[in-house]
Amino acid sequence: MEKLWDCGTVVLAYSGGLDTSCILVWLKEQGYSVIAYLANIGQDEDFEAARKKAESLGATKVFIEDLRAEFVEDFIWPAIQANAVYEDRYLLGTAVARPCIGRRQVEIARREGAQFVSHGATGKGNDQIRFELTCYALYPEVKIIAPWRIPEFYNRFRGRKDLMEYAQQHGIPVPVTPKAPWSMDANLMHISYESGILENPKSHAPADLYLMTKNPEDAPSAPDVLEIEFKIGVPVKVTNVKEGISKDSPLDIFTYLNEIGGKHGVGRIDIVENRFIGMKSRGIYETPGGTILLNVHLDIEAFTMDKEVRRVKQGLGIKFSELVYNGFWYSPECDFVRHCIAMSQVNVEGKVQLSVFKGQVYILGRESPKSLYNEELVSMDVQGDYDPCDASGFIRINAVRLREYHRLQGFPSIKQ
């Protein structure tokens, strides 16, 4: 059972919303000195309003940290190199953000001499694990206050109504607009939607749910044609071929791809996934820029990477995705896997041309100075440095195992 320790200084991961505002005041009631920390990872937020709100609620200090550039370079780019996808569909937008947020939270806690960190993640989800494994890895002596796992807290606040009443009693500004009947988490990489009316897996997502992407049916009737250049497996430049617009910094590249993907309705998924904690959950995600880059990186990787290296790396990408989803970004095994994947990307270099249109990404062509594609060797019109007769022996050798298996097992029927 979770407990509260003797009082001291706590760094609270603060969003400015109802939950963490109530947590801030509640922590003060327990005798803690609260430092509010708000990470800017690309969400649509009035950060100055959040600062003033935290100060008015009694935060001793407020840190608003712009982490967008390091989020892209240190977290999104390794995920792109890995072709990171959890359970074949989820591009890990929330999972890669948590170690980024947690890393800075720990830096602030150490610098300010805070013995405690706190967060507003629920006791049923993945985020509590991701935040806390990050904090314990980077600040082993830290103590974590997770209010939604403390009986005194969750028995007092059984729902939004209780939080609203507490806010009114303690002068906490409450939302003036009705809350959407689902929860939402946004960052530069994606927006996720879950809970509320979405908990029924049969219910269709309302049309007004999506904030980052247009409905593909309403997307422009003409495509955007882009060229994306890669070096060591990460994009270094994106150019809109028709409009002549180019972006070459990591943050600008990813922001622009979000804009183009969102405009054309790219990157929407509605899935049921397996949480690390042991339950299935329904999530709806929109990841426009990440979806474009996944498609394009897969293409340039296949063009420049040896077949057997790619096969090994594919397995590492699945392992990386599971580790990140489960909160083990700062584990030794994830560090090892990241280094292996980075080594595989040394020759992943070149340019890919693509079209973005009506919810889809279409690859048009590619070129690379490190290509392993030999046009003469593969051509049906030129024999090149290849003797077709060699294929006969290759086939016979591969047939030995099949012949022996079926000879000993008995020949299969025609129907099989």
Colleague: Would you say F230 and E301 make side-chain contact, with heavy atoms under 4.5 Å?
Modeller: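 No, every pair of side-chain atoms sits at 4.5 Å or beyond.
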Colleague: Looking only at side-chain N and O atoms, does S368 offer a donor or acceptor that is under 3.5 Å from a partner on T304?
Modeller: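 No.
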Colleague: Answer yes or no: is there an ion pair linking K161 with E165, defined by an N-O contact shorter than 4.0 Å?
Modeller: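 Yes, charged N to carboxylate O under 4.0 Å.
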Colleague: Report the C-alpha separation of R158 and N155 in whole Å, then their side-chain angles, then the decisive distance to 0.1 Å, and conclude whether the side-chain hydrogen bond (donor to acceptor under 3.5 Å, both in side chains) test is met.
Modeller: CA-CA 6 Å; R158 294 185 176 273; N155 286 328; 3.2 Å; yes
Colleague: Flag the pair E367 and K351 as a salt bridge only when some basic side-chain nitrogen lies within less than 4.0 angstrom of an acidic carboxylate oxygen.
Modeller: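 Looking at K351 together with E367, the answer is no, because their closest N to O distance does not fall below 4.0 Å.
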Colleague: Do H119 and Q105 have side-chain N/O donor and acceptor atoms under 3.5 Å apart?
Modeller: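 Their side chains do not contain a donor-acceptor pair, so the 3.5 Å distance test is not met.
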Colleague: Between Y330 and D335, does any side-chain donor sit less than 3.5 Å from a side-chain acceptor?
Modeller: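 No, D335 and Y330 have no side-chain donor paired with an acceptor closer than 3.5 Å.
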Colleague: Does CG in D218 sit with more than 12 non-hydrogen atoms of other residues, nucleotides or ligands closer than 6.0 Å?
Modeller: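 Result for CG/D218: enclosed.
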Colleague: Say whether, by atom type as modelled, one donor and one acceptor occur between the side chain of H297 and the main chain of N83 under 3.5 angstrom.
Modeller: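 Side chain of H297 to backbone of N83: no pair is present.
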Colleague: For N40, does its backbone N or O pair with a side-chain atom of R68 as donor and acceptor, under 3.5 Å?
Modeller: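 No; judged by distance alone, with no hydrogens or angles, the pair does not exist.
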Colleague: Can you find a side-chain donor-acceptor pair between E227 and Q353 that sits under 3.5 Å?
Modeller: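 Per modelled atom types, E227 and Q353 side chains form a pair under 3.5 Å.
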Colleague: Does L402 have more than 12 heavy atoms from other residues, nucleotides or ligands lying within 6.0 Å of its CG?
Modeller: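 It does: L402 CG has more than 12 such atoms within range.
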Colleague: Could you note down all residue pairs passing salt bridge (charged side-chain N to carboxylate O under 4.0 Å, His left out) where residues 23-45 supplies at least one of them, sequence neighbours left out?
Modeller: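 Those involving residues 23-45 are E29-R156.
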Colleague: Among Y86, F328, W329, find the residue that satisfies the ring-ring contact (aromatic ring centres under 6.0 Å, His included) test when tested with F320.
Modeller: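 Going through the options one by one, the only one that passes is W329.
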Colleague: Verify the ring-centre separation between F157 and Y166: is it less than 6.0 angstrom?
Modeller: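 Between F157 and Y166, which both carry aromatic rings, the centre distance is below 6.0 Å.
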Colleague: For Y285 and E273, does a side-chain donor sit closer than 3.5 Å to a side-chain acceptor?
Modeller: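 Judged by distance alone, the side chains do pair up.
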Colleague: Between E107 and Y139, is there a side-chain donor-acceptor contact under 3.5 Å, judged purely by atom types and distance?
Modeller: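 Per modelled atom types, Y139 and E107 side chains form no pair under 3.5 Å.
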